[in-house]
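Before any comments, here is the structure.
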Amino acid sequence: MADYKVPCIDKPLDIPALARGSMAHSAPFPAAPEHQQALGFPGELVDDWHDKAIDKFAELLGKSRALQVYMDSCVKCGACTDKCQYFLGSGDPKNMPVARQDLMRKVYRRHFTWAGKIVPWLVDAEDLTEEVLDDWYSYFHQCSQCRRCSVFCPYGIDTAEISMAAREIMDHIGKGQKYCNEILGKVHKIGNNLGLPEKALANTLEDLEEDIEEETGLEVKLPLNVKGADILLVTPSADFFAEPHVDGLIGYAKVFHQAGVSWTISSYASEAANFAMFIGSYEQMKLVAARIRKAAEDLGVKRIIFGECGHAWRVAYAFLNTLAGPFDFLDPDYPVPQHICELTWDLIEKGALTLDKSANDHMTLTFHDSCNVARATRMGEEPGGQFEIPRAIIKACCNNFVDMDADTIRESTFCCGGGGGLLTDDLMETRINGASPRMQALKEVVDDHGVTHMAAICAICKSQFAKIMPIYGFEMDSIVSVHQLVSNAIILDGQTSGQTSEAE
Amino acid sequence: MLSAVYAILFYLAAVVFSVGLVYRIRLYAKTPAPLKIPTTPAPVTQAGVVARMAKEVVFFDSLFKSNKWTWLFGWVFHVSLLLVLLRHLRYFTEPVWSWVVLVQPFGLYAGFAMLGGLAALWGRRLVVERIRYISAPSDHLMLLLLIGIASSGLLMKFVAHTDIISLKAFVLGLIRFDWQPLPADPLLLTHLGLVLVLMFIFPFSKLLHAPGVFFSPTRNQVDNAREKRHLAPWAAALDTNRQEGKADG
Ligand code: SF4
Ligand code: SF4
């Protein structure tokens, strides 16, 4: 880690001076041929890659209004130039959202517009050369598809859409990214990103049940593959073993237990995350989503609930109905799908949960809005529920809560730095860059308000922060799950022991 | 001769402008949006979307959130341009509509505001390193073109008056297909020439942001993905495959 320059977070982040090409060397490991082929992509760069890429580009322009309109509409106003965490952290101008888009737009101009064909020098049009392709591979993997830029663009131009399209084109000419494509292969084969088979999953869940029993004296179940359960819980596989994710999973289990509902996890669909979104592949996304539908059908559940996961919640909330719907076989009284926070907040509002806030008194909390939850989804009935509901839950479970700077939360939140398929060690420098604005905002509330912990509702955020925070001088375990706070505070009926969950 | 050249060019420009624009708008309208991607928090009703769009188009809401200077310059420029355009209706109508008469005094001074806004936008493009970096030659030229149009217009109005009666006769003649001579005033010819250029390049340039903003899925979609299944035609075809069991390769 020592070889990376870690951005300083002691003072407010200034807009950096341009450091041209400073991140050009950053590129993810390429996907191995077998990982490519498993998804139906060519194993390595095909001979006629240029023509193939342009053909695919044309196809995508015809399939996506967003891509077509966004290629045409940018006026180069520059409003987005200082909005991306990867630019703020690196100063590399190609990490400015508009410049990132332009990597693709210049090829669009050259091949799909008159001006670019006749007077390319006038409009900065350029053919898809090898250098340009290298830039694509590098800089479209320094975008976490967090959509922060789209909030501030007068036309709503969403660089995430453009990154996805670029990755889709690259996959189709054999230039895929190892991390995403390998993981997608595991989902198809085994059912989750980690490649955790059913047996191991069952053991893990049993262990967790024992832990909870030790703590509470109660038999709180984490059921697996139970036919006829009411609720199917789909949660990111990191929840099964990584810290602090697993404490969140224990929290869901306690909430379900206290609510007295029957629920189950499915080993077939034991993964909430849908990495196909990162690579912009509608077809792949549909295949992965279909697993959830099939699990729901096979188990005969009435509702689907998603655990804490940001990009997963985007695909679930905004795309699942499109990809795998209609869900007319489920209980029409509930939205499909629901977020675990919606369920928990409902119960809290109804007074169905007994919460002892003092159980979290050793912490002063702040909340990191995960980018995809914040800007691509909703919770509850009202727009903005995705900001209010998690905060309301935290406040119901904790006495000490402070928000970070208003420019860094809610719809203006920064990405943790590891979203969109960047949560891999080969992109560590990019991840450190991307985390810097969040780390700076956190530092401020730590210094000014004594904040000790930051809560999040996304598996990627949690993994990223657990790894990155020590680099910025924070404790590794100062990142917590929202349902971990619930788990600490909740008092289950008949619970023997007190609040021992904090005993260390 | 000059009159004929200008007349023909104006007809041509009008055709290119409108056909080009209609073609583009049809393309945007016909291209499906496969997924629900409104930038949230987003309205949950169609009426809400109309309100969001109106705020965006009238007040440049997102730009305001983003950067106050760019917003100020950009908004002043666009509003002034609108007033100036409305004022220009007096050259196309006989008798002049009464509300156009009302706009006249505002439209006159809006010309200066428009020029000021453009100059400030160009200054920003030149001075701020990030924006200079993303600017193509065409981005600078576009501003110069608009500055040229605005200043030649202002010069005619406030410094060297042109023969406005004959100009109006020329314009009405164009509309009525009864050509009248165009005054050979160099300022006027420059002004009209630059306007012609603008009309010709409109459907092929970044000026497409004008129709584009209405078709931006992040802004014009209702946030109701769970309630209503959204399905693009090409994606629906994949559904059929699923049902027939010949899915996934
Ligand atoms: S990382 Fe986020 S802000 Fe940066 S370009 Fe990508 S979508 Fe935009
Ligand atoms: S804010 Fe939008 S229009 Fe302005 S430069 Fe960025 S992408 Fe282009």
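Since we're looking at a predicted model, the values are computed, not measured. Just so it is clear: chains get the letters A, B, ... in the order the sequence lines come, proteins before strands, and each one is counted from 1. Values below: all heavy atoms of this structure, side chains included; hydrogens, waters and symmetry mates excluded.
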For a 4.5 angstrom cut-off between non-hydrogen side-chain atoms, does A/Phe87 reach B/Arg130?
yes
Cut-off 4.5 Å, heavy atoms of chain A, and the answer for B/Pro32 is both
Take the angle between the ring planes of B/His209 and A/Tyr155 and call it parallel below 30°, perpendicular above 60°, tilted in between. tilted
* Asked: Side chains of A/Ser150 and B/Thr218: do they bring a donor and an acceptor to under 3.5 Å?
  -> no
Cut-off 4.5 Å, heavy atoms of chain A, and the answer for B/Leu121 is neither
When the 4.5 angstrom heavy-atom criterion is applied to A/Leu67 and chain B, the contacting part is neither
Okay, B/Ala232 and chain A: the region with an atom under 4.5 Å from a heavy atom over there is neither
Applying a strict 4.5 Å limit to non-hydrogen atoms, the region of A/Tyr317 in contact with chain B is both
Under a 3.5 Å cutoff, is there a donor and acceptor pairing between the side chains of A/Arg65 and B/Thr31?
no
Here the pair of heavy atoms bringing B/Pro34 nearest to A/Ser64 is CD-CA, 4.1 Å
Whatever's closer than 4.5 Å to a heavy atom in chain A on B/Arg226 counts as both
Whatever's closer than 4.5 Å to a heavy atom in chain A on B/Glu129 counts as both
When the 4.5 angstrom heavy-atom criterion is applied to A/Arg410 and chain B, the contacting part is neither
Turns out that what part of B/Ala29 lies under 4.5 Å from chain A's heavy atoms comes down to backbone
Under 4.5 Å to a heavy atom of chain A? For B/Phe60 that would be neither
If one checks every heavy atom of B/Leu141 against chain A at 4.5 Å, the contacting part turns out to be side chain
Worksheet item: In terms of side-chain heavy atoms, does B/Ser216 have a donor or acceptor partner in A/Tyr70 at a distance below 3.5 Å?
Response: yes
Turns out that what part of B/Asp223 lies under 4.5 Å from chain A's heavy atoms comes down to both
